[in-house]
Amino acid sequence: MSLQVIKQRKRGFICVNAHPEGCRRNIGRQVEAIRQAVPKPFEGVKNALIIGASTGYGLASRIAAAWAFGAKTLGVFFERAPKEGSTATAGYYNTMAFHEQAREAALYAASLNGDAFSDDLKRQAAEIIRKDLAPLDLVIYSLASPRRIHPRTGQTHNAVLKPIGREFTSKTIDLNTEKVVPVTLEPAAENEIEDTVAVMGGDDWQLWMEMLASENLLACGARTVAYSYIGPEVTWPIYRDGTIGRAKLDLEKTARRLNTTFGSKLGLEAFVSVNKAVVTQASAAIPVVPLYLSVLPRVLKNNEQPIGQMRRLFVDFLAGGDQSLLVEPWRVRLDTAELSSDVQAGIARIWPVVTTENLYQQTDFTGFKRAFDNLFGFDVEGVDYSQSSETESSW
Ligand code: NAD
């Protein structure tokens, strides 16, 4: 037992602690969003594996799988457990709250906290799936990681967020000082591009699917979805045309390869879903993106959050078969509102005029900060932060 009053501690785009009660409320709100949208669960997904299931898009996917389909879920993630008075990470508390809600709804949930890139964790996942979730109808791949130890070579690959070919100068928000500052990013070296592709590209997704297929753990006609981003022109040099964009191209290539390899053999369908920009731990760390995420709500009326996007993916596409979301047989687009020409024209209009002095008027920086704090369970409506919370329980 460790009861304590938790005060937020953050540095720039990193928050070093988390609030269990705030995380619980966040999960409750997301579960409710799906419950409201789906009064009676759909058929078609009985067993789902979600890789990267504790925060952001993966967490919203897990909630959607459980409450839109009534699916059993196995969630895989890498989170810090509470230790010696320090709180756990938000993803750990999110998972605790997910398990609580799943128990109440009589939904099976299992979770594995460890390195999804490792063979050992894949083996542990296979054991759980064989025992309780076989065959899988759905595999969601939603990892966002700064590094990967390659299971075959033992080599550590570090991902970088850099432009390719030439340096890129833009502006960003210094989250410590709240100043709008110029930022110049040097172009990536060839090995940095390769390393980023090794971490955020499709290689690990492919290894997961090969392992599941060779162990006979996939249902005939199973589906797998990984997530990508394209974004507006102001972020292209650092995102779409940068090192991370190369990794996403590799992810798309992997989707096509998975369809070719396992499509005829197993009836597997592999998709990449291009999602809209949202505030997550991964996106807040990308230079330029916090400023973009502050401008976006000013011009995008329906600024969907991960659970809204995943409601569309799970309900409209996976359950309802809405083909209008497919732009290619393997590519789903959930970002069309964000990338519409009027929204992008609005961004292009506001972007050049934002300064430190007018940041709060020209952009929704207040909303960005709140969304960021919410990720860690802070500044969540209805939570009394003067009360102590139990930080040391588990699921
Ligand atoms: P996130 O930081 O919220 O979640 C990352 C997840 O990966 C967490 O569950 C974390 O525990 C897990 N993880 C990280 N390293 C791991 C490891 N070694 N082993 C096991 N689990 C590990 O990130 P997110 O923004 O939700 O991103 C998920 C995916 O969605 C990424 O592919 C990202 O590119 C994509 N995407 C994000 C956005 C956005 O705006 N945030 C937009 C479109 C697409």
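Quantities reported herein were computed from a predicted structural model and do not represent experimental measurements. Numbering of ligands and ligand atoms starts at 1, following listing order.
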Pairs of nitrogen or oxygen atoms closer than 3.5 Å, one from [X] and one from ligand 1: do any exist?
X: Ala116; answer: yes
X: Glu79; answer: yes
X: Phe78; answer: yes
X: Val278; answer: yes
X: Tyr229; answer: no
X: Asn275; answer: no

Using heavy atoms and a 4.0 Å limit, tell me yes or no: is Ala53 in contact with ligand 1?
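True for this residue.
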
In terms of hydrophobic clustering (I, L, V, M, F, W, Y; side-chain heavy atoms under 4.5 Å; direct or indirect links), are Ile173 and Val279 co-clustered?
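Same cluster.
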
[X] side chain to [Y] side chain, donor-acceptor N/O pair below 3.5 angstrom:
X: Glu210; Y: Gln206; value: yes
X: Tyr229; Y: Glu338; value: yes
X: Arg62; Y: Thr73; value: yes
X: Tyr92; Y: Ser394; value: yes
X: Tyr57; Y: Ser273; value: no

Just verifying a value: how many Å separate Glu357 CD and Gln362 CD, rounded to the nearest 0.5 Å?
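Glu357 CD to Gln362 CD: 12.0 Å, rounded to 0.5 Å.
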
Going by the closest heavy atom to atom 6 (C) of ligand 1, which one wins out of Ser142, Ser228, Ala285, Ala284?
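Residue with the shortest heavy-atom distance to the ligand atom: Ser142.
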
Could you find the nearest protein heavy atom to atom 42 (C) of ligand 1 and give me its residue, atom name and distance?
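Result for atom 42 (C) of ligand 1: Lys276 O, 3.3 Å.
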
Who's the nearest protein heavy-atom neighbour of atom 1 (P) of ligand 1, and how far?
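Among all protein heavy atoms, the one nearest atom 1 (P) of ligand 1 is Thr55 OG1, 3.4 Å.
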
